[in-house]
Novice: 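This is the structure I want to talk about, given as structure tokens.
Here is the naming used below: chain letters follow the sequence lines, and residue numbers restart at 1 for every chain. Everything quoted here is computed from the prediction, not taken from an experiment.
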Amino acid sequence: MSVRTRFAPSPTGFLHIGGARTALFNLLFARHHGGQYLLRVEDTDRARSTEDAVQQILHSLEWLGLSPDEPPVFQSSRAARHAEVAHEMLAAGRAYRCWCTAEELAAMREAAMQAGRPPRYDGRWRDRDPAEAPAGVQPSIRLKAPRDGSTVVEDLVQGRVEVQNAELDDMIILRSDGSPTYLHAVVVDDHDMRITHVIRGDDHLTNTFRQVQIYDAMGWHRPHFAHIPLIHGADGAKLSKRHGAVGVMEFADQGILPEALCNYLLRLGWGHGDEEILTRDRAIALFELRDVGRAAARMDDKKLAHLNGTYLRQADDDRLVAEVLRRLGKEGALFGTIGGDRVKALMPELKERAKTLVDLTAAAAFAAHEGPPTIEAKAQALLTPEAKVLLADLAQFLNTAPWERQDLVTWLRDYADVKGIKLGQVAQPLRIALTGSTQSPPIDAVLWALGRTEAMDRILAAAE
RNA sequence: GUCCCCAUCGUCUAGAGGCCUAGGACACCAGCCUUUCACGCUGGGUACGCGGGUUCGAAUCCCGCUGGGGACGCCA
């Protein structure tokens, strides 16, 4: 039987990195086994689900390269089927109607808590005659769960997990309004979608016992389960807004490359020896659930940034140029095709020095803009009267310089020699004049990319 | 509160009884390279939560403790 996995987010907000990692693991596992990776949108909570969130999730997955192999299944569209299964269970005596009201159940929970017992449904309608049903109350349908023995789940990541059935109560599978509960809908959908491996967050581990009881009640074959640990914030607590960026697209905005984020997420909780940089293909070839760790991992932005830097250096120049120009354009910065050409000419040197697309964009700005750059305060301080004299002098000789990248360094070295100074003493004022900053790609590359005329203008402006 | 899960450097991890005086990566510190910055390179410190077992031998197996996380809804 071919492997089929699914990622099943509920569209109540944007896709966060925990979900992204779950999706990644599902895709990797399916691909590794030559199977399919599907998407199911769990939108049964109509009050909290939004179309906007659905679109955002789809977009985030696409950006990450984690789009599903088939069109997404919307859980809300399957309500009739969920009800049908619940009624089958009712007919088979594996479920029963419960006429408890919400108030009654709340009181029951309250009383149990007071008495120091776990808040469980006491099964009062389990064997009671339906003829005693109160008038005017719409019943819900509950699973008739086994009371003795235990339920065991052989989890592919967590190992064998067992719970006493006495700890579990008869959960509601169909609400009094006829809509399915989440736990029930998931089981029916996973079964109908022929999901073979349910790979999801650790927070669902205890839900699994109850879901497994539904499979058993229906006589359905259980899928394999794999519960992967959650991702925590840097402080060890559950990931939330206060941890800074958690939404996938926030990382995109911060200039993180999708392949870098995937690589980072993969290494959070999964490892293969000392390998740190893994392409998608490599990850597919190596991914095994038994190599997934069992402890929760913390988010480390520094490591992500470092990883992003290595991917940036390997990235295609044209792609980066397009990205930089798009960002510069958003800022309302002026640039023409000339600016774009300069950024492109400098890209091999620029990408060597950036960790994110944000860094890269900032570093490329001087080349994209027309005219002399704004000079940073720190740089301005180094533009001493002596330095200005030197720049003015240099400008006079610039016409004689051979305008080829490799010849420019030699020419500059010769110039410094004649002046009896070190190259650095020429290069630094020149760098400031050309870029407005004390840091930039090699000065010869900058000169060459800017062109003789533009360079001249900037040098003279700085020498003023 | 009850149940379930987890536990190696600050962080992510390697480690499936001897290969471990515990390896790699990020971060940190020192240095090298160098026209700045970055990349790269060299070196450095820092970890098996605690206590009991089992064994000739335990980071690895068992038990307890402690700590962390998760689940207990007619939410998903």
Novice: Check A:Arg405 with A:Asp444, please: is the shortest side-chain N to carboxylate O separation under 4.0 Å?
Specialist: yes
Novice: Taking the nucleotide of RNA chain B with the closest heavy atom to each, which residue, A:Arg142 or A:Leu230, is nearer the 5' end?
Specialist: A:Leu230
Novice: Answer yes or no for A:Arg142 and A:Tyr121: cation-pi contact, defined as NZ/CZ to six-membered ring centre under 6.0 Å and angle to ring axis within 45°.
Specialist: yes
Novice: Side chain of A:Gln158, heavy atoms from C-beta onward: which of B:A76, B:C74, B:C5 has the nearest atom to it?
Specialist: B:C5
Novice: Can you find a donor-acceptor N/O pair under 3.5 angstrom joining the side chain of A:Ser176 to the base of B:C74?
Specialist: yes
Novice: Whole angstrom is fine here: how far is it from NE2 in A:His204 over to P in B:C3?
Specialist: 23 Å
Novice: With sequence neighbours left out, write down each residue that passes ring pair (Phe, Tyr, Trp, His ring centres under 6.0 Å) with A:Trp99, or none if nothing qualifies.
Specialist: A:Trp125
Novice: List the residues meeting ring pair (Phe, Tyr, Trp, His ring centres under 6.0 Å) with A:Phe25, not counting sequence neighbours, and say none if there are none.
Specialist: A:Phe287
Novice: Does A:Arg109 place a side-chain N or O at less than 4.0 Å from the phosphate oxygens OP1/OP2 of B:C74?
Specialist: yes
Novice: At under 4.0 Å between heavy atoms, what does A:Gly269 touch on the DNA or RNA strands: base, sugar-phosphate, or nothing?
Specialist: sugar-phosphate
Novice: Measure the distance from CG on A:Leu304 to P on B:U13 and round it to the nearest whole Å.
Specialist: 14 Å
Novice: For A:Thr44, report the nucleic acid contact type (base, sugar-phosphate, nothing); a contact means any heavy atom under 4.0 Å.
Specialist: sugar-phosphate
Novice: Applying a 3.5 Å limit to both distances, which nucleotide forms a Watson-Crick or G-U wobble pair with B:C50?
Specialist: B:G64
Novice: Just to be sure I understand the rule, does A:Ser10 reach a base, reach only the sugar-phosphate, or reach nothing, if contact means heavy atoms closer than 4.0 Å?
Specialist: sugar-phosphate
Novice: Taking the side chain as everything from C-beta on, heavy atoms only, tell me whether A:Val137 gets closer than 4.5 Å to A:Pro139.
Specialist: no
Novice: Can you check nucleotides 18-24 of chain B for protein contacts, nitrogen or oxygen pairs under 3.5 Å, and list what you find?
Specialist:
residue, atom, partner, partner atom, Å
B:G23, N2, A:Asp274, OD1, 3.3
B:G24, N2, A:Glu276, OE2, 2.9

Novice: Under a 4.0 Å heavy-atom cut-off, which of residues 161-168 of chain A touch RNA chain B?
Specialist: A:Val161, A:Glu162, A:Val163, A:Glu167
Novice: Could you pick out which residue, A:Arg290 or A:Ala296, lies toward the 5' side of RNA chain B when each is mapped onto its nearest nucleotide?
Specialist: A:Ala296
Novice: Checking contacts here: which listed nucleotide (B:C5, B:C74, B:U11) is nearest the side-chain heavy atoms of A:Leu205?
Specialist: B:C5
Novice: From CG of A:Asp301 over to P of B:A25, roughly how many Å is that when rounded to an integer?
Specialist: 21 Å
Novice: The side chain of A:Arg120 lies closest to which of these nucleotides: B:C4, B:C72, B:U11?
Specialist: B:C72
Novice: Quantified in whole Å, what is the C1' atom distance between nucleotide B:A14 and nucleotide B:U8?
Specialist: 10 Å
Novice: Check side chain to side chain contact (heavy atoms under 4.5 Å, CB included) between A:Arg222 and all other residues, then give those that pass, not counting sequence neighbours.
Specialist: A:Val212, A:Tyr215, A:Asp216
Novice: Measure the distance from NZ on A:Lys302 to P on B:A27 and round it to the nearest whole Å.
Specialist: 8 Å
Novice: For a quick check, with a 4.0 angstrom heavy-atom cut-off, what is the B/S/- contact string for nucleotides 31-50 of chain B, read 5' to 3'?
Specialist: ----BBBBS-----------
Novice: Just N and O in the side chain of A:Arg294: are any of them under 4.0 Å from OP1 or OP2 of B:C6?
Specialist: yes
Novice: In whole angstroms, how far is the P atom of B:A71 from the CD atom of A:Gln211?
Specialist: 14 Å
Novice: Can you tell me which residue among A:Ser140, A:Cys100, A:Cys98 is in a side-chain contact (heavy atoms from CB on, under 4.5 Å) with A:Ile172?
Specialist: A:Ser140
Novice: Whether the side chain of A:Asp170 engages the backbone of A:Ala145 through a donor-acceptor N/O pair (distance < 3.5 Å, no angle test) should be reported.
Specialist: yes
Novice: Could you work out the separation of B:A16 and B:C26 based on their C1' atoms and round it to a whole Å?
Specialist: 26 Å
Novice: Could you tell me the Watson-Crick or G-U partner of B:U36, where both distances fall under 3.5 Å? Say none if there is no partner.
Specialist: none
Novice: Does A:Asp43 reach a base, just sugar-phosphate, or nothing at all? Heavy atoms under 4.0 Å.
Specialist: nothing
Novice: So what does A:Cys98 touch, heavy atoms closer than 4.0 Å: a base, only the sugar-phosphate, or nothing?
Specialist: nothing
